[in-house]
Chemist: 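Submitted below is the structure of interest, expressed as structure tokens.
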Amino acid sequence: MISKSKDRWAGILLTAFGGAYAALAMSTLRTGEISRMGPGYFPTVLGFVMAGLGILILLRSGPDGEPRPGRPSWRGVVLIGLAPVAFGWTIERLGMIPAVAIATLLCSYASSGIGWQRRVMITIGLVVFCVIVFRYGVGLSIPLLGSWLQQ
Amino acid sequence: MEVLSNLALGFSVAFSVQNVLYCFLGAVLGTLIGVLPGVGPTATIAMLLPLTVALEPSTSLIMLAGIYYGAQYGGSTTAILINLPGEASSAVTALDGYQLARQGRAGSALAIAALSSLFAGCVATVVIAFAAPPLTTLALSFSPVEYFSLMVLGLIASVTLARGSVLKSLAMVVMGVALGLVGTDVYTGERRLTLGFLELADGLDFVVVAIGIFGMAEILRNLEGHEDRSVTTRKISSLMPSLSDLKQSVGPVLRGTAIGSVLGILPGGGALLSSFASYTVEKKLSSTPEQFGQGAIAGVAGPESANNAGAQTSFIPMLSLGIPSNPVMALMIGAMIIQGIVPGPQIMTEQPNLFWGLIASMFIGNVLLVVLNLPLIGIWVRLLDVPYHVLVPIIMILSMIGIFAVAGNTFPLYLLAVFGLSGYLLSKLSFEPAPLLLGFVIGPLLEENLRRAMIIADGDATVFVTRPISAALLTVAVILLVLVALPSISNKREEVFLEG
């Protein structure tokens, strides 16, 4: 039952993605002909194949995909999804130490059930580890403190 | 004996201080992360791949290979000790290995597993040394027509022989190919499908895709369930297997090695299919089949040798044809591309040092693993106590620093968020991530060969079925697809892959 509606969504998603991909290829790239394929030829074909497979999955949506149990942890999805964005934004401006600290805190709040003291300890530990390994061990040239924090 | 002189060359490369050191480091890191639950070999390699970029090409591949068999080994250790296979191919080992551990024979089971893996690894390496060169010669005679058909067969086979719905996996392959085409068109130099992002001119970052759909999506899946890992660390008795255990293992190890060596070459086969096949065979051949599942030593020895042999021989299509048969090999090819090496049959002749050095390092890696890991088992087991809320930040931070350091800009980090979340969505919809990665790696090659084939044939698409080798390859692909569509086979197939 669950997997039936899941397959329906899977089919819809694929069809939409394939269609959009083909449309993008056709509208921005020269297709050419089969003996001299342009940059858009193969992508267009792929987009249609993908959409076709999506429709097949939609039509067949039977109970063949094994259901994966478990509800998404929305807190995890949001925080883990945010971590690379926050890390990317901060590492350029604030440097390695703040970037690692902020991303670590975000990731640690993705799991519930531990106190803030533990989160702080994990953060300090990981910052120290990264500074030692990446700055002094591997010798990466990422500044420890970025331009925004330096006078 | 050309192979021998080539192997001698390989050993001279692999035995350099630097290469032995990195092989060792890779094996240890691989075991360390492979032991951690919920982090499989693919995610491990993807995560550690940025660390190897600065190394020389042969050293970096040797280290990655070390990480791979280290991760395999770590997976079986936890399968035996706490019934928690670190990766799918150890699931079979857990069946009897854990029962043995419960009977107080953990040490014996671990030692048998390690020795079977060592034996199988060494034999499979010899198989690679002999099988890869002729295949390479064959592949070098292929025109783009045959090469295209070969890649199609490889992709189809990897979909039908691996787990998951065939239709959905096919869709994932196509999506992977589609994503692989983003970037600059090799023929016209035009940027395509970049949605206007200049950063995408060189294509989507391979490491980002791999870490996103394997590593990050896996973390999000693990966050769903509540942590329930009450690990009761058992005292490990003697690591010396008894004489009767050894005797009982000889047959299963020999058969397992043979099964694994053959199945490993097949696309999608590799370690998982090999260990299932070996377990089934041993159970059928055994005079006491009722012991299987209750702690039969043959149920550990056979599958362990099979999965290690399979893991090893899956290097054959990657090295000789440039075609990855599983996601780990896709990562290896990705690593080569990052190093500026064009994967394909020419590697053996153009980069003999790399080719034979990698093969020779497999002997060294396998021996290092046994020598090092048996005494260190106590430490590995303690790693299981590391709680998930500590692991998540570590995995994420290491991945992100690696990605940033290699790219030198932050764009791939934003992409990582996109691929992590999309990968999770796909897995919620029961799409397998492995075919997507295979398609992504093969995509550009597939298109290039198709275009060249069509230029040569002047647009006549029938060349694919009129040239005999190409026709044969495509016929096999069609037969595979028809076979899995048959109800009797498709039911059996689901049964086999259900536990994996």
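Numbers restart at 1 for each chain; the letters A, B, ... are given by sequence-line order, proteins then strands.
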Chemist: Can you confirm whether A:Phe42 is buried at CZ, in the sense that more than 12 heavy atoms of other residues, nucleotides or ligands lie under 6.0 Å from that atom?
Modeler: yes
Chemist: Please round to the nearest 0.5 Å and tell me the distance separating atom CZ of A:Phe134 and atom CD1 of B:Ile401.
Modeler: 5.0 Å
Chemist: I'd like to verify something: which residue of B:Leu170, B:Leu51, B:Val390, B:Leu450 has the highest number of heavy-atom pairs under 4.5 Å with chain A?
Modeler: B:Leu450
Chemist: Using every non-hydrogen atom in the two residues, find where A:Gly81 and B:Ala417 come nearest and quote the distance to one decimal.
Modeler: O-CB, 3.4 Å
Chemist: Take atom CZ in A:Phe48; do more than 12 heavy atoms of anything else shown fall under 6.0 Å from it?
Modeler: no
Chemist: Closest heavy-atom contact between A:Ile34 and B:Gly459?
Modeler: CG2-O, 3.5 Å
Chemist: Decide if atom CZ of A:Arg36 counts as having more than 12 heavy atoms of other residues, nucleotides or ligands within a radius under 6.0 Å.
Modeler: no
Chemist: For each of A:Arg118, A:Glu33, A:Met96, A:Met121, tally heavy-atom pairs with chain B at distances under 4.5 Å, and name the one with the top tally.
Modeler: A:Arg118
Chemist: Using a 4.5 Å cut-off on heavy atoms from C-beta on, say whether the side chain of A:Ser111 contacts that of B:Leu223.
Modeler: yes
Chemist: Among B:Leu220, B:Ile456, B:Ile397, B:Asp185, who wins on heavy-atom pairs under 4.5 Å with chain A?
Modeler: B:Ile397
Chemist: Give, for atom OG1 of A:Thr28 and atom CG of B:Leu193, the distance between the pair rounded to the nearest 0.5 Å.
Modeler: 6.0 Å
Chemist: Any idea which of A:Gly88, A:Gly11, A:Pro84, A:Gly52 has the most non-hydrogen atom pairs under 4.5 angstrom with chain B?
Modeler: A:Pro84
Chemist: Going by heavy atoms in the side chains, are A:Leu46 and B:Glu447 under 4.5 Å from each other?
Modeler: no
Chemist: When you measure from the side chain of A:Tyr21 to the backbone N and O of B:Ala178, does any donor-acceptor pair fall under 3.5 Å?
Modeler: yes
Chemist: Do you know which two heavy atoms are closest between A:Arg71 and B:Glu224, and how far apart they sit?
Modeler: O-CG, 3.1 Å
Chemist: Do B:Met396 and A:Leu106 come close enough that some side-chain heavy atom pair is under 4.5 Å?
Modeler: no
Chemist: Contact part of A:Tyr41 toward chain B, heavy-atom cut-off under 4.5 Å: side chain, backbone, both or neither?
Modeler: neither
Chemist: Check whether A:Leu126 gets within reach of chain B through its side chain, its backbone, both or neither, counting any heavy atom under 4.5 Å.
Modeler: side chain
Chemist: Go through A:Ala99, A:Ser73, A:Gly54 and name the one with the most non-hydrogen pairs under 4.5 angstrom from chain B.
Modeler: A:Ser73
Chemist: Based on non-hydrogen pairs under 4.5 Å, which of A:Val100, A:Leu82, A:Ile114 is most in contact with chain B?
Modeler: A:Ile114
Chemist: Quick one: does A:Tyr109's side chain get under 4.5 Å of B:Val392's, heavy atoms only?
Modeler: no
Chemist: For A:Ile80, is it the side chain, the backbone, both or neither that has a heavy atom under 4.5 Å from a heavy atom of chain B?
Modeler: both
Chemist: Heavy-atom pairs under 4.5 Å with chain B - which of A:Gly18, A:Gly47, A:Gly40, A:Gly38 has more of them than the others?
Modeler: A:Gly38
Chemist: Could I get the full list of salt bridge (Lys or Arg N to Asp or Glu O under 4.0 Å) partners for A:Arg119, not counting sequence neighbours?
Modeler: none
Chemist: Is A:Trp89 in contact with chain B via its backbone, its side chain, both, or neither, using a 4.5 Å heavy-atom distance?
Modeler: both
Chemist: With a 4.5 angstrom heavy-atom cut-off, is it the side chain or the backbone of A:Phe129 that approaches chain B, or both, or neither?
Modeler: side chain
Chemist: Which distance, rounded to the nearest 0.5 Å, do you find between the CG of B:Leu398 and the SG of A:Cys130?
Modeler: 6.5 Å
Chemist: First locate atom CZ of B:Phe431, then atom NZ of A:Lys6, and finally report the distance between them rounded to the nearest 0.5 Å.
Modeler: 10.5 Å
Chemist: Quick one, A:Leu14 and B:Met175 - any side-chain contact, counting heavy atoms below 4.5 Å?
Modeler: yes
Chemist: Got A:Arg30 and B:Thr188 here, is their nearest side-chain heavy-atom distance under 4.5 Å?
Modeler: yes
Chemist: Please flag which part of A:Leu13 lies under 4.5 Å from any non-hydrogen atom of chain B: side chain, backbone, both or neither.
Modeler: side chain
Chemist: Has B:Arg192 got a side-chain atom pairing as donor or acceptor with A:Pro39's backbone, closer than 3.5 angstrom?
Modeler: yes
Chemist: Distance check, rounded to the nearest 0.5 Å: B:Phe404 atom CZ versus A:Ile142 atom CD1?
Modeler: 5.0 Å
Chemist: Can you tell me which portion of A:Leu56 sits under 4.5 Å from chain B's heavy atoms? Options are side chain, backbone, both or neither.
Modeler: both
